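This report concerns only the one structure given below.
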Amino acid sequence: VSLAEIDRLVVDRYPLLDNKAAIMRAYKQTTLNDGDGDSWVERNEFTSLLRNIFYFNKLLVVFEKMDTDNDDRMSLDEFCNGAEYIGMDYPREHLEQEFSFMDKNHGGMVLFDEFCSWVARNSCPVDGEVVSTSTTANKMMGTQGNTKHQQKKKLDREADIDTKKFDKVEEQLKELLSNSEELLREWRSCDFNDNDICSLAEIDKWVMGAYPILNSKPALMRAYKQTTLVNGNEDAWVQKSEFPALVRNILYFNKLFAVFAYIDTDGDRRLDFTEFWKGIKAIGLQIPKDEARAEFAFMDLNGGGVVLFDEFCAYVARKSIPVDGEIITEFTRANKKMGTSKGLTLGNQSAASQTEEQLNVDAVLGKFDSVQEKFKEILSSPDKIRRAWDCMDFNNNNIISLAEIDKWTVANFPLLNHKPALLRAYKKTTMKDGNGDAWVDKAEFPDLLRNIVYFTMAFTVFSSIDKGRDRRLSKAEFLQGKKLLSLSMSDAEAEAAFDAIDSNNGGIVLFDEFCAWVASASCPIGDELRGNF
């Protein structure tokens with residue numbers, strides 16, 4: 001059966017399905033994916049043809065709903081505005097990444113052909129049916145003698161990860177998890193302080209002693225975050241009931257980190273596209289380079305051009321990639337929007353999971369990840385520090401005033417443009433880190449950069465607790481903010497802590513007092529704010 005005969009059949013018998021774009025897609029899918037690669041539909045392929053005609057007509061209906069100006073192509077705004085039709089309740093930044101992933105030729109518009117390919121690559125159900133293979137409308141059609149065996153090497157678009165390194169320890173952990181007495185013994189070994197909770201430091205110490213092959217710090221951090229925020233009750237410790245999940249997560253994320261480290265050939269703990277392309281087989285993919293670029297863009301959540309281990313783990317979860325047969329689809333971000341016990345699963349974010357009560361410090365500070373990376377990049381080289389200095393020293397007089405700091409920040413890093421934070425950074429740099437005068441000297445400049453980020457992050461946390469938006473914390477606001485600050489204390493203990501922070505006994509805590517508390521050894525969020533500087 002030729003395409004013309006298929007078209008005539010549909011027009012005569014099923015006029016509701018007479019959409020040329022959908023019929024063309026069904027014909028391509030049937031001959032090139034379901035069939036033998038020639039230009040005709042044979043009798044044994046006819047059943048697939050009927051299914052495909054129905055399936056692609058459904059897809060076309062959705063595409064046309066989103067294509068509001070009816071020009072047979074979808075713009076970014078149309079995709080974002082119509083995302084509800086495909087069940088994507090994401091922030092716009094995620095939708096923009098999906099659109100970029102869909103727009104394979106980077107033309108700024110998505111055709112129906114590209115839309116179908118994207119649906120297939122992401123295994124999106126259409127009324128419960130999933131088609132995970134795709135063709136493109138301009139793909140070369142073969143002749144009757146040109147079968148699939150004569151085409152180019154077979155592609156593999158279904159990622160999967162297999163490891164062998166951890167087989168032995170995996171058997172040990174399986175036995176451990178099946179024996180309640182042994183599990184309890186290991187719990188007691190991990191709980192060094194014998195207080196029925198385990199901190200990250202205790203987990204690290206336990207793994208080093210009991211399972212040194214699993215002692216990868218990034219993997220332990222991911223396992224800890226996954227256990228406390230997804231499998232647990234969202235506090236900062238692992239409880240006894242969460243310990244089995246911790247054990248499984250430690251093994252799982254060590255496997256992922258081993259793959260990540262294998263791809264990361266220069267050992268800087270971040271993947272650029274060249275590394276990803278060269279090591280793509282490590283995640284079971286065999287795809288063309290343009291598709292690999294799209295995958296990399298999908299993985300690079302913050303658009304920074306490199307992929308961190310955190311983003312790699314999120315990618316594996318979002319794509320439901322099996323790791324030795326195990327699939328984890330719920331995930332957290334180590335420093336971004338860490339939230340509910342259900343994690344941040346793409347396409348399954350309830351409104352409840354976005355409430356402020358369910359946030360913690362990591363969620364609030366996540367937006368500063370890319371800025372911290374940029375500042376660390378500046379601080380890594382004297383030449384880059386000099387260039388940043390020259391840019392900030394507008395008057396070219398070898399000293400920097402508060403006004404120049406403000407102007408530079410507004411122009412280059414608007415995310416950091418918070419006047420109270422800049423003032424604190426300026427005072428800390430000149431009066432404590434510097435020589436006590438009213439200007440930042442060249443020697444003090446690195447401290448200024450660190451302080452700008454630090455105090456902006458501190459002010460962001462402060463503002464998240466300050467529900468009255470009056471730039472001061474009442475005792476009630478501080479008590480309500482306990483969870484965000486990861487304070488494991490009773491209300492009475494929290495009240496005592498508030499009184500200690502309130503140095504002038506005014507009944508309220510100002511930002512200066514909050515900063516002094518954060519800098520003290522008693523503040524549990526100090527390390528979170530200091531980041532990796």
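Source: prediction; values computed, not measured.
Using a 4.0 Å cut-off between a side-chain N of Lys or Arg and a carboxylate O of Asp or Glu, Arg269 and Asp264 do not qualify as a salt bridge. Of the charged side-chain nitrogens involved, none lies within less than 4.0 Å of a carboxylate oxygen, so that Lys278 and Glu275 do not count as a salt-bridged pair. By the 4.0 Å N-to-carboxylate-O rule, Asp447 lies close enough to Arg450 to be salt-bridged with it. Electrostatic pairing of Glu373 and Lys376 counts as a salt bridge here, judged by a charged N lying under 4.0 Å from a carboxylate O. Between Asp499 and Lys475 there is a salt bridge, since a side-chain N of the basic residue sits under 4.0 Å from a carboxylate O of the acidic one. Between Asp466 and Arg472 there is no salt bridge, since none of the side-chain N atoms of the basic residue sits less than 4.0 Å from a carboxylate O of the acidic one.
Panel note: side chain Ser381, backbone Asp383; a donor-acceptor pair is recorded below 3.5 Å.
Side-chain contact of Asn417 with Thr409: a donor-acceptor pair under 3.5 Å is absent, judged by distance alone. Judged by distance alone, the side chains of Asn193 and Glu202 do bring a donor and an acceptor atom under 3.5 Å apart. Using a 3.5 Å distance cut-off with no hydrogens or angles, the side chains of Ser503 and Glu513 do pair a donor with an acceptor. At a cut-off of 3.5 Å, with distance as the only test, a side-chain donor of Glu295 or Tyr315 sits close to an acceptor on the other residue. For the residue pair Asn231/Gln226, the side-chain donor-acceptor check at 3.5 Å is not satisfied.
A distance of 13.5 Å separates CZ in Phe253 from CG in Leu214, rounded to the nearest 0.5 Å. Remark: Leu200 CG to Met221 CE distance equals 5.0 Å, nearest 0.5 Å.
Ring geometry, Phe296 versus Phe276: the interplanar angle falls from 30° to 60°, so the pair is classed tilted.
Between Phe312 and Phe257, the distance from one ring center to the other does not fall under 6.0 angstrom.
In this structure, Lys428 forms no cation-pi arrangement with Phe455, as its terminal cationic atom is not both closer than 6.0 Å to the ring centre and no more than 45° off the ring axis.
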- request: Let me see the working for Tyr211 and Trp206 under ring pair (Phe, Tyr, Trp, His ring centres under 6.0 Å), right down to the final yes or no.
  value: CA-CA 8 Å; Tyr211 304 99; Trp206 172 67; 5.6 Å; yes
